Amino acid sequence: MGMIENNKKILKFPKDFLWGVSTSAYQIEGGIANDWSRWEKSEVRIKKLEKEGKNPDDFICGQACDSYNRYAEDAKLAKGLNCGAYRLGIEWSRIEPEEGKWDRKEIEHYRKVLENLKANNLKVVLTLWHWANPTWLAESGGWSNKKTIEHFLRYSELIVKELGDLVDYWVTINEPMMHVANGYIISKWPPNQKNFFKAHKTFKNLVKAHEISYGIIHDRYPEAQVGLTMLANYFEPARKWCPVEVIYAYLANHFWNDKFLKKLKGKFDYVGVDYYFHDRLVWHPPFKRNFDKKITDMGWEIYPKGIYYVLKNYKKFNKPLFIMENGIADRDDNQRSKFIIDHLKYVHQAISERVNVSGYFYWSLLDNFEWADGFGPKFGLYKVDRKTFERIARPSAKVYAGICKNNIIKISNSQFT
Ligand code: BGC
C-alpha cells in the first residue's frame with residue numbers, strides 16, 4: 001500500500017529490492033571481431049543499407065561506446081545512479097578468439113572490470129552469451145550445431161574458474177528466443193537463415209547449454225544465483241470474443257514466453273524478465289493489430305501494464321523474478337522518466353499481489369549499438385558522443401537516480417488507477 005504526500009501517492013519497494021542498469025558486451029565495448037561485426041561489414045549487408053538510403057557507417061558497431069577502455073567510468077556512472085548492481089556481458093570472441101585458445105590477457109581484463117565493480121560496491125550480474133559468437137564458432141554452424149554446447153561448456157567452465165568469485169548473479173543466455181527467431185526463422189540477424197529445422201535444433205541446443213552451464217556454475221559455487229533472461233511479451237487477443245485469437249494469444253505466450261523455461265525443468269534460480277512488447281494478435285496476416293497510440297523511437301507501443309501481466313504469468317515458476325531489462329528508445333528524453341515510473345507502478349502492483357519481484361534493471365546505462373538498428377535508437381540514461389565517447393547525463397538519469405536512492409516512486413493523481 002502507498003502513502004499520500006502532496007497529492008502524490010508514494011509506492012515503496014521492498015527492502016533489499018535490487019536496482020540496476022543493464023548493458024551487453026558487444027553493444028558497448030568496441031573493437032570486437034565476431035559474427036556480427038563480420039556481417040555488418042559484408043557486401044550484402046552494406047548494399048542493402050545503401051539501397052534503403054542509409055549510411056552503413058551507422059550500422060557498424062566499431063568502437064561502440066569504447067567501454068572496453070572506459071569501464072571504470074561506466075561503473076562510476078552506475079554508482080552515481082545509486083544502483084546496487086550492474087549487468088554486463090563477457091564477449092566470448094575475446095576470450096576464445098580461436099577454437100580452444102584462451103586469451104589470458106582478456107581474462108585478466110575482465111577480472112579488472114569485475115573487481116572495479118566490486119570496489120564500487122556494485123553487485124555483478126554477468127551475462128555469458130548475448131547473441132554474438134566468435135567467427136570460428138559461427139563458421140561451424142553456431143548454435144544449430146550440437147557441438148556448440150560443448151564449446152559453451154568449456155567457455156562457461158573457464159569463466160566460472162577465473163571470474164566466478166566476483167559474480168553475484170549469472171545470466172547464462174540472453175533471450176534465446178530472439179536468436180532462434182531472428183537468426184533462423186526471419187533471417188534478420190546472423191546467421192541470416194530461414195530454416196525451421198535449424199531453428200528447432202538451435203532451440204534444443206540452447207536449452208541443453210543452459211542446463212549444463214547451470215550445473216557447472218553450481219558445482220563450484222553451490223549458492224550461486226544462476227538464471228537467464230527471457231524477452232517476455234504480453235500477448236493478448238485483439239478481440240476477446242474471437243476464439244481463434246484467444247487460442248493464438250495462448251499459443252504465442254506458450255511458445256515465446258514459457259516453453260524454453262518449461263524445458264529447463266526448474267534448473268534456474270531466478271528468471272530475468274526483459275519487457276518491451278505488447279502484441280494484440282489477430283488471426284489473419286499480419287497477425288498483429290497494435291493501435292500504437294504512444295510509441296517509442298523504435299515504433300514500439302508503450303504499454304506499461306504489460307509488465308504486470310508478464311510478471312503474473314511467470315509467478316507459476318515459483319522463482320524470484322528480476323526485471324533484467326526494461327527501457328525506451330527516446331532521443332529527446334521527453335518520455336523516459338514517465339516510462340520508467342509507469343512501468344514501476346505496475347511492477348509494484350505485481351509485488352503487492354505477492355509476485356516475487358526482486359529487482360529492476362533499466363536498459364540501458366548508455367546509448368549503445370542497437371544490433372541491426374545500428375546507432376540510431378537512443379536507449380541510454382546517458383547520451384554518448386559518437387566521436388569523443390563522452391557520456392552526458394540525460395534528465396531522466398536524475399529521476400532514475402532518485403528512485404534507486406529512495407526505493408520509492410511517486411505517482412500523481414492521474415496515474416492512480
Ligand atoms: C536485448 C538488448 C537490446 C534491447 C533493446 C533486448 O531484447 O537484450 O540487447 O538492446 O532489447 O532492443
Side-chain angles (χ1 to χ4, degrees), residues 20-30 32 34-37 39-40 58-59 61 64-65 67 74 86-92 125-133 143 169-183 185-186 188-190 206 210 227-235 256-257 260-261 271-279 295-303 306-307 310 322-331 335-336 339-340 343 359-384 396:
V21 278
S22 271
T23 62
S24 91
Y26 188 61
Q27 292 178 271
I28 64 168
E29 285 186 2
I32 291 173
N34 61 20
D35 58 342
W36 273 82
S37 66
W39 172 65
E40 286 153 21
D58 294 335
F59 296 83
C61 186
C65 304
S67 291
D74 293 348
Y86 184 69
R87 177 177 169 217
L88 77 169
I90 297 269
E91 172 62 27
W92 189 353
V125 180
L126 193 70
T127 311
L128 291 178
W129 185 78
H130 197 129
W131 301 341
N133 290 322
W143 282 100
Y169 294 89
W170 297 85
V171 178
T172 54
I173 284 166
N174 180 71
E175 300 179 2
M177 297 308 293
M178 287 290 275
H179 184 65
V180 172
N182 286 337
I185 298 176
I186 62 171
K188 189 178 166 197
W189 292 354
L206 285 165
H210 167 86
L228 70 162
T229 57
M230 293 296 295
L231 181 73
N233 294 6
Y234 174 51
F235 298 108
W256 187 262
N257 293 330
F260 198 91
L261 289 172
V271 181
V273 182
D274 296 353
Y275 175 70
Y276 296 94
F277 296 105
H278 171 219
D279 288 318
I295 54 168
T296 72
D297 295 350
M298 297 289 278
W300 300 347
E301 184 199 5
I302 301 178
Y303 189 69
I307 205 167
V310 297
F322 287 85
I323 309 293
M324 279 296 180
E325 288 184 32
N326 174 233
I328 177 171
D330 178 21
R331 175 182 294 272
Q335 306 199 79
R336 188 173 283 103
F339 178 98
I340 295 174
H343 282 76
Y360 175 94
F361 288 61
Y362 178 78
W363 181 275
S364 183
L365 174 68
L366 307 169
D367 284 348
N368 54 36
F369 181 73
E370 181 52 30
W371 305 106
D373 293 295
F375 286 103
K378 308 292 184 197
F379 278 90
L381 292 166
Y382 282 82
K383 187 172 165 178
V384 178
S396 54

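Remember, it's 1-based here, ligands and their atoms both numbered in the order they're listed. As the structure is a prediction and not an experimental result, all values here were calculated from the model.
For the residue pair Tyr276/Asn326, the side-chain donor-acceptor check at 3.5 Å is not satisfied. Checking Tyr362 against Arg336 by side-chain atom types alone, a donor-acceptor pair falls below 3.5 Å. Side-chain polar atoms of Arg87 and Thr127 form a donor-acceptor pair below 3.5 angstrom.
Nearest protein heavy-atom contact of atom 4 (C) of ligand 1 is Tyr276 OH, 3.4 Å. Nearest protein heavy-atom contact of atom 8 (O) of ligand 1 is Glu325 OE2, 2.9 Å.
Where the criterion is an N or O separation shorter than 3.5 Å, residue side chain and backbone included, Asn368 fails it with respect to ligand 1. Residue Gln27 has at least one nitrogen or oxygen atom sitting less than 3.5 Å from a nitrogen or oxygen atom of ligand 1, judged on distance alone.
Atom NZ of Lys188 is separated from atom CG of Asn182 by 5.5 Å, given to the nearest 0.5 angstrom. In this structure, the separation between OG1 on Thr229 and CD1 on Ile323 is 12.0 Å, given to the nearest 0.5 Å.
Ligand 1 lies less than 4.0 angstrom from a heavy atom belonging to His130. Residue Tyr26 places no heavy atom under 4.0 Å from ligand 1.
Contact atoms of ligand 1 toward Asn174: 8 (O) (distance under 4.0 Å to a heavy atom of the residue).
Ala64 meets the side chain to side chain contact (heavy atoms under 4.5 Å, CB included) test with Cys61; sequence neighbours excluded. By the side chain to side chain contact (heavy atoms under 4.5 Å, CB included) test, Phe375 is found to be paired with Phe369, Arg386, residues two or more places apart in sequence or in another chain being considered.
Here Tyr275 has no heavy atoms under 4.0 Å from ligand 1, in either its backbone or its side chain.
Considering only non-hydrogen atoms, atom 7 (O) of ligand 1 lies nearest to Glu175 out of Met324, Met177, Glu175, Glu370.
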